[in-house]
There are 2 protein chains.
Amino acid sequence: MITHKKRFETIIQKLKDNGHKITPQRIAIVKILVDSEGHPSVENIHAQIKTDFPTMSLATVYRNIVLIKSLGEVLELGFPDGSNRYDGNKPYPHPHVVCIKCKKIVDPDLDSLDEMKKEVEVETEFKILNHRLDFFGICSDCQAGKV
Amino acid sequence: MITHKKRFETIIQKLKDNGHKITPQRIAIVKILVDSEGHPSVENIHAQIKTDFPTMSLATVYRNIVLIKSLGEVLELGFPDGSNRYDGNKPYPHPHVVCIKCKKIVDPDLDSLDEMKKEVEVETEFKILNHRLDFFGICSDCQAGKV
DNA sequence: TTCTAAATGATAATAGTTATCAATTAGCAT
DNA sequence: ATGCTAATTGATAACTATTATCATTTAGAA
Ligand SMILES: [Mn+2]
Ligand SMILES: [Mn+2]
Ligand SMILES: [Zn+2]
Ligand SMILES: [Zn+2]
């Protein structure tokens with residue numbers, strides 16, 4: 001996918017620009033972050049890499065996600081049960097739709113959010129800097145019993 | 001506050017109706033859940049009660065919140081960093097505005113959410129059952145440097 | 001008042017994440 | 001190309017919010 005390749009280059013370049021070394025582990029992690037459609041978890045990333053990179057440590061995955069997060073190049077979807085998920089393609093806040101059965105997470109198109117943010121700023125007198133919107137439900141596959 | 005008293009009675013009654021005993025610990029926890037304006041944390045609830053009920057165990061607070069949650073009478077706002085907060089007055093999903101400085105959480109009035117939910121259902125073919133909307137920012141007090 | 005299942009308090013166990021530290025290595029200087 | 005050094009890694013210990021365990025206590029019915 002062309003946009004994924006571009007994201008890959010962007011993140012690698014940003015790592016270089018900030019004086020970080022480009023290790024094989026880093027490359028593998030960034031690749032998965034930008035190639036995944038389904039918002040992978042740390043465990044998922046680790047498992048994928050370990051298949052053909054058996055020495056990959058879980059700590060390295062965590063460390064690099066923290067690093068890439070600090071560069072603003074991955075969005076962390078933290079869930080209270082600890083099952084955090086990551087979006088390396090759209091590293092800015094955006095709404096998500098979560099299937100509570102198969103744990104799939106997709107990006108819907110929603111434009112009314114900006115309007116909503118302004119509403120909230122006027123009403124509450126907060127300066128809004130960030131937001132998080134999740135819808136939880138059952139995807140069409142799971143509704144059809146294709147679990 | 002009249003609405004809080006009503007909520008208190010509602011929850012106590014529901015506990016009775018479901019065969020649960022009304023203990024002093026339970027009463028204290030429910031009181032705080034319905035009297036708090038600011039979405040208290042477990043630690044906060046525990047600390048408040050311990051002042052004049054020194055034997056109150058943290059485990060009891062956790063246990064009772066799980067119980068009241070299971071009866072649908074408190075909304076849990078789980079945050080990925082483990083700083084969960086509770087709303088005993090509006091136990092159904094609703095948007096929140098979180099101050100990232102003083103950790104205050106308020107309930108804004110927002111009506112466009114239902115519309116948004118329908119939009120998402122049409123677009124993604126999910127059956128939406130629940131949602132979570134948080135805005136993060138800085139409250140007017142913190143903006144004024146009243147920290 | 002007595003009885004018993006439910007609830008509590010104290011604490012151990014759990015799980016995701018972060019910290020630590022010795023060993024390895026990417027990338028620069030020679 | 002080689003060696004150097006600070007950055008990075010892998011292994012594992014530590015941490016922290018929450019849950020489980022279990023002996024003791026108690027709410028509420030008989
Ligand atoms: Mn996304
Ligand atoms: Mn609320
Ligand atoms: Zn599904
Ligand atoms: Zn504030």
Side-chain angles (χ1 to χ4, degrees), chain A residues 11-33 39-71 74-86 103, chain B residues 11-33 39-71 74-86 103:
Chain A
I11 297 175
I12 294 295
Q13 192 55 50
K14 199 150 190 176
L15 283 165
K16 284 182 184 168
D17 292 346
N18 287 75
H20 300 290
K21 295 177 178 175
I22 306 306
T23 64
Q25 292 91 336
R26 228 154 239 184
I27 290 172
I29 291 165
V30 173
K31 261 194 188 130
I32 289 180
L33 279 178
H39 302 82
S41 66
V42 165
E43 277 296 349
N44 184 263
I45 293 169
H46 182 237
Q48 282 190 60
I49 298 177
K50 206 150 194 197
T51 306
D52 42 27
F53 198 152
T55 68
M56 166 67 72
S57 166
L58 189 56
T60 297
V61 181
Y62 275 110
R63 264 190 301 243
N64 278 287
I65 282 179
V66 168
L67 174 63
I68 298 167
K69 236 194 321 177
S70 77
L71 300 175
V74 69
L75 178 70
E76 180 177 65
L77 295 179
F79 290 95
D81 67 351
S83 60
N84 296 4
R85 307 279 287 266
Y86 297 88
K103 308 301 177 188
Chain B
I11 297 175
I12 294 295
Q13 191 55 50
K14 199 151 189 177
L15 284 166
K16 285 181 184 169
D17 291 347
N18 286 75
H20 299 290
K21 295 177 178 174
I22 305 306
T23 64
Q25 292 91 336
R26 227 154 240 183
I27 290 172
I29 292 166
V30 174
K31 262 195 187 129
I32 289 179
L33 280 179
H39 302 82
S41 66
V42 165
E43 278 295 350
N44 184 263
I45 294 169
H46 182 237
Q48 283 190 60
I49 299 178
K50 206 153 194 194
T51 306
D52 41 27
F53 198 152
T55 68
M56 167 66 73
S57 166
L58 189 57
T60 296
V61 180
Y62 275 110
R63 263 190 302 243
N64 278 286
I65 282 179
V66 168
L67 174 63
I68 299 167
K69 235 193 324 176
S70 78
L71 299 175
V74 69
L75 178 71
E76 180 177 67
L77 294 178
F79 290 95
D81 67 352
S83 60
N84 296 4
R85 306 279 286 265
Y86 297 88
K103 308 301 178 189

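Lettering follows sequence order; numbering is per chain, from 1. Since we're looking at a predicted model, the values are computed, not measured.
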Checklist line | Whole-Å distance separating the CE atom of A:M56 from the P atom of D:dA11 | finding: 11 Å
Checklist line | Heavy-atom check, side chain of A:H39 versus side chain of A:Y86, under 4.5 Å | finding: no
Notebook entry, point to check: Do B:L67 and B:R26 come within less than 4.5 Å of each other through their side chains, counting heavy atoms only?
Noted result: yes
Checklist line | Student check: side-chain heavy atoms of A:H20 and A:K14 closer than 4.5 Å | finding: no
Next item on the list: Kindly indicate whether the side chain of B:R63, heavy atoms from C-beta on, has any atom under 4.5 Å from the side chain of B:T60.
Entry: yes
Checklist line | salt bridge (charged side-chain N to carboxylate O under 4.0 Å, His left out) partners for B:K16, two or more places apart | finding: none
Next item on the list: Under 4.0 Å from any heavy atom of chain B: name the first and the last nucleotide of DNA chain C that qualifies, 5' to 3'.
Entry: C:dA5 to C:dT11
Notebook entry, point to check: Under 4.5 Å between any side-chain heavy atoms of B:N44 and B:V42, yes or no?
Noted result: no
Check: Who pairs with A:E43 by salt bridge (charged side-chain N to carboxylate O under 4.0 Å, His left out), at least two apart in sequence or on another chain?
Finding: none
Next item on the list: Using a 4.5 Å cut-off on heavy atoms from C-beta on, say whether the side chain of B:F53 contacts that of B:Q25.
Entry: yes
Next item on the list: Output the distance between atom CD1 (A:I45) and atom CZ (A:R85), rounded to the nearest 0.5 Å.
Entry: 10.0 Å
Next item on the list: Look up atom CD1 in A:I27 and atom CD1 in A:I29, then write down how far apart they are to the nearest 0.5 Å.
Entry: 10.5 Å
Check: Between A:S83 and A:F79, is there a donor-acceptor pair closer than 3.5 Å when you use the side chain of the first and the backbone of the second?
Finding: no
Notebook entry, point to check: How would nucleotides 17-30 of chain D be written as a contact map, 5' to 3', with B for base contact, S for sugar-phosphate-only contact and - for no contact, using protein heavy atoms under 4.0 Å?
Noted result: SSBBB-----BS--
Notebook entry, point to check: According to a strict under-4.0 Å criterion, is A:S57 in side-chain N/O contact with OP1 or OP2 of D:dT9?
Noted result: no
Between N or O atoms, less than 3.5 Å apart, protein on one side and nucleotides 2-4 of chain D on the other: list the pairs.
none

Next item on the list: Any chance you could measure A:I22, atom CD1, to A:L15, atom CG, to the nearest 0.5 Å?
Entry: 5.0 Å
Item checked: Relative orientation of the end axes in the helix from C:dT1-D:dA30 to C:dT30-D:dA1, expressed as an angle to the nearest 10° (five pairs per end) -> 20°
Note to self: Any heavy-atom pair between the side chains of B:N64 and B:T23 that's under 4.5 Å?
What the structure shows: no
